[in-house]
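Comments concern the structure below.
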Number of protein chains: 2
Amino acid sequence: MAGKVAERRAALRDNLIIIAEKRIASDGLSALRARDLASDAGCALGAIYNVFGDLTDIVLAVNARTFHRLGADVAAALADAPQDPVEQLVVMAQAYHCFAAANLHSWRALFDVERAPGEAAPDWYLQEMGQLFAYISDPLAVIFPNRDPQELALLTRALFSSVHGIVLLGLDGASAGVPSDDIDKMIALILRQFTSNS
Amino acid sequence: MAGKVAERRAALRDNLIIIAEKRIASDGLSALRARDLASDAGCALGAIYNVFGDLTDIVLAVNARTFHRLGADVAAALADAPQDPVEQLVVMAQAYHCFAAANLHSWRALFDVERAPGEAAPDWYLQEMGQLFAYISDPLAVIFPNRDPQELALLTRALFSSVHGIVLLGLDGASAGVPSDDIDKMIALILRQFTSNS
DNA sequence: CCCTCTATTGAACGGGGTTCATAATAGCAG
DNA sequence: CTGCTATTATGAACCCCGTTCAATAGAGGG
C-alpha cells in the first residue's frame with residue numbers, strides 16, 4: 001500500500017478543486033475562503049496545505065479548468081462556423097463573449113488572480129493562450145495571405161485583445177451594463193471592419 | 001470658529017488622498033494599508049474613518065485624480081495632434097498607452113477597485129469616461145459622417161474598449177511583456193484599419 | 001503488541017480593516 | 001479664569017482570514 005497516501009491526497013486535491021470551482025463560479029474569486037473549503041470538503045484546515053502550497057494554487061488549478069472549457073467552447077463554435085474566415089472570427093469572438101457572460105465569475109478569476117511579481121505565467125496558461133491564438137491566427141492567415149508570420153502574430157494579439165477589451169468593459173458593472181446585443185454588435189463591427197479590404 | 005473642525009478634517013482628507021496616491025503609484029493598490037496611511041499622515045488609525053467611510057472611499061478619491069490626469073494627458077495629446085481625424089485617434093490611443101505604462105499601478109487601480117455589487121459607478125467616473133468618449137467620438141463623427149448618433153456611440157465604445165484591451169493585455173505580466181513598440185503598432189493597426197474605407 | 005516514523009489536525013499566530021469606549025479638547029457660561 | 005458639557009480624536013480591541021506547526025493519530029514492520 002505504498003501509494004495510499006498519494007491516492008488519498010489526490011482525491012482530496014480533486015475534491016478541493018471542484019469545491020473551489022463551484023464557489024468561485026457562484027460568488028466570485030473574492031468569496032473563496034480556506035475555512036469554507038475545508039468544511040465543505042470535510043477536511044481539516046491544514047489539510048489544504050498538505051495538497052496545495054497556498055490558496056492561489058487552488059485558484060490556478062480552477063483557472064486551468066476554466067480556461068480549458070473556454071477553449072473547448074471556442075473550438076466548438078469554430079467547428080460549427082461557416083467556411084468564411086471573417087465569419088469564423090466573428091463566431092469565435094461571440095463564443096468568447098458568450099462564455100464570459102455565462103461564466104462571469106470564473107472568467108474574471110482568470111485575470112483577477114494576482115501573480116507574484118516577476119513570476120512567469122504557468123505553463124498551461126501559455127499553452128491554452130497559444131491554442132486560442134492559433135484559432136484566431138488561422139482564419140487571419142487566409143484573410144491576409146501576404147503578411148509576415150510576425151505581422152500575423154501582432155494582428156492576432158491585437159484582435160484578441162480588442163475582443164477581450166470589448167467583452168471586459170461591456171460586462172463590467174461600472175458602465176451600467178451594456179446590453180449583450182450591443183457587445184456582439186461591437187465585436188462584429190470591429191472584426192468586419194478590420195478584415196475588410198484586405 | 002464654526003468651521004474649524006471641518007477645516008481640519010478637510011486638510012486631513014486631502015493629506016490622506018495624497019499619501020494614498022503615492023503609495024498606490026509606487027507599490028500598487030494591494031499595498032495600501034490603513035495603518036501605514038495613519039502613521040504616514042501622523043494621525044490616529046481611527047481618524048481615517050472620521051473622514052472616509054472606508055479604505056475604498058480613499059481609493060475612489062485617488063482614482064478620481066488619476067482619471068483626471070489621464071483625461072488631461074489625452075486632451076493634451078489631442079491638442080498637439082494634426083487635423084486628420086484618424087491621426088487624432090491614433091495619437092490619443094497612444095497617449096492612453098503612454099499614461100498607462102507610466103502610471104501602471106495607479107492606472108490599474110482604476111479598474112481593480114471592487115465596487116459593491118449593484119452599486120452604481122460614482123458620478124465623476126461616468127463624467128470622466130464621458131469626456132474620454134467625447135474625445136473619441138468627435139473625430140469618429142468626421143470619419144463616419146453618415147452614421148446615427150447611436151451607431152457612433154457604439155463605435156466609440158468599441159474603439160475605446162479595443163485600445164483598452166490592447167494596452168491591458170500588453171502591459172500584463174502574464175504575456176511575458178509585449179514590447180511597448182508592439183503595443184503602439186497594434187493600436188495603430190486596429191485604428192487605421194478600422195477607419196479605412198469609411 | 002509495541003515501537004517508530006509519517007501524515008493529519010486544528011489551535012494559535014500574524015496581519016489587516018473596522019469599531020467604539022475612553023480621553024482629549026473645544027466652546028461657552030458664570 | 002474656571003467649570004461644565006458636547007463634540008471630536010484616539011488607539012486598543014474585535015473579527016476575519018491565510019498560513020504554520022506542535023501535538024496527536026495512525027500506519028507498517030518486527
Side-chain angles (χ1 to χ4, degrees), chain A residues 1-17 19-24 26-63 105 109 112-117 119, chain B residues 1-17 19-24 26-63 105 109 112-117 119:
Chain A
M1 305 264 180
K4 204 57 173 295
V5 168
E7 209 173 287
R8 203 157 8 105
R9 287 195 170 185
L12 177 59
R13 189 189 152 87
D14 293 350
N15 204 7
L16 285 172
I17 291 173
I19 293 166
E21 189 172 44
K22 279 182 191 153
R23 193 40 172 275
I24 291 173
S26 67
D27 299 328
L29 181 56
S30 63
L32 195 67
R33 305 278 117 98
R35 283 168 178 81
D36 292 350
L37 273 179
S39 84
D40 286 3
C43 72
L45 182 55
I48 293 173
Y49 297 91
N50 296 333
V51 174
F52 291 98
D54 57 21
L55 279 200
T56 299
D57 284 354
I58 302 188
V59 176
L60 288 177
V62 171
N63 280 355
H105 286 136
D112 285 354
V113 61
E114 51 185 306
R115 283 171 298 285
E119 185 165 355
Chain B
M1 304 269 179
K4 205 56 175 294
V5 168
E7 209 173 288
R8 202 157 10 103
R9 285 194 172 184
L12 176 61
R13 190 188 151 86
D14 292 351
N15 203 9
L16 285 172
I17 292 173
I19 293 166
E21 188 171 44
K22 280 182 191 155
R23 192 40 170 273
I24 291 174
S26 66
D27 299 327
L29 182 57
S30 62
L32 196 67
R33 310 261 169 265
R35 285 168 177 79
D36 291 350
L37 272 181
S39 82
D40 285 3
C43 72
L45 182 55
I48 294 173
Y49 296 91
N50 296 332
V51 174
F52 291 99
D54 57 21
L55 279 201
T56 299
D57 284 354
I58 301 188
V59 176
L60 288 178
V62 171
N63 280 356
H105 286 137
D112 286 353
V113 60
E114 51 186 305
R115 281 171 299 283
E119 183 166 357

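A, B, ... follow the sequence lines: proteins, then strands. Residue 1 opens every chain.
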Nearest-nucleotide pick for [X], side chain only, options being [options]:
{"X": "Asn50(B)", "options": "dG18(D), dT10(D), dA7(C)", "result": "dT10(D)"}
{"X": "Leu55(A)", "options": "dA9(D), dT19(D), dG10(C)", "result": "dT19(D)"}
{"X": "Ala47(A)", "options": "dT9(C), dG16(C), dT10(D)", "result": "dT9(C)"}

Using a 4.0 Å heavy-atom cut-off, does [X] contact any base of the nucleic acid, only the sugar-phosphate backbone, or nothing at all?
{"X": "Leu45(B)", "value": "base"}
{"X": "Leu12(A)", "value": "nothing"}
{"X": "Arg9(A)", "value": "sugar-phosphate"}

Whole angstrom value for the distance that separates [atom2] of [N] from [atom1] of [X]:
{"X": "Arg33(A)", "N": "dC15(D)", "atom1": "CZ", "atom2": "P", "result": "17 Å"}
{"X": "Glu7(B)", "N": "dA9(D)", "atom1": "CD", "atom2": "C1'", "result": "17 Å"}
{"X": "Ile48(A)", "N": "dT9(C)", "atom1": "CD1", "atom2": "C1'", "result": "12 Å"}
{"X": "Asp54(B)", "N": "dC15(D)", "atom1": "CG", "atom2": "P", "result": "20 Å"}
{"X": "Leu29(B)", "N": "dG17(C)", "atom1": "CG", "atom2": "C1'", "result": "14 Å"}
{"X": "Arg8(B)", "N": "dA24(C)", "atom1": "CZ", "atom2": "C1'", "result": "11 Å"}

* Step by step, would you call Arg23(A) with Leu37(A) a side chain to side chain contact (heavy atoms under 4.5 Å, CB included)? -> CA-CA 9 Å; Arg23(A) 193 40 172 275; Leu37(A) 273 179; 5.8 Å; no

* Find which nucleotide of DNA chain D each of Tyr49(A) and Arg35(B) is nearest to by heavy atoms, and output the residue with the more 5' nucleotide. => Arg35(B)

* Decide yes or no on side chain to side chain contact (heavy atoms under 4.5 Å, CB included) for Phe52(A) and Leu60(A), but give the supporting numbers first. => CA-CA 10 Å; Phe52(A) 291 98; Leu60(A) 288 177; over 6 Å; no

* Evaluation steps, side chain to side chain contact (heavy atoms under 4.5 Å, CB included), between Val59(B) and Val62(B) -> CA-CA 5 Å; Val59(B) 176; Val62(B) 171; 5.5 Å; no

* **side chain to side chain contact (heavy atoms under 4.5 Å, CB included) assessment of Leu12(B) paired with Asn50(B)** => CA-CA 10 Å; Leu12(B) 176 61; Asn50(B) 296 332; over 6 Å; no

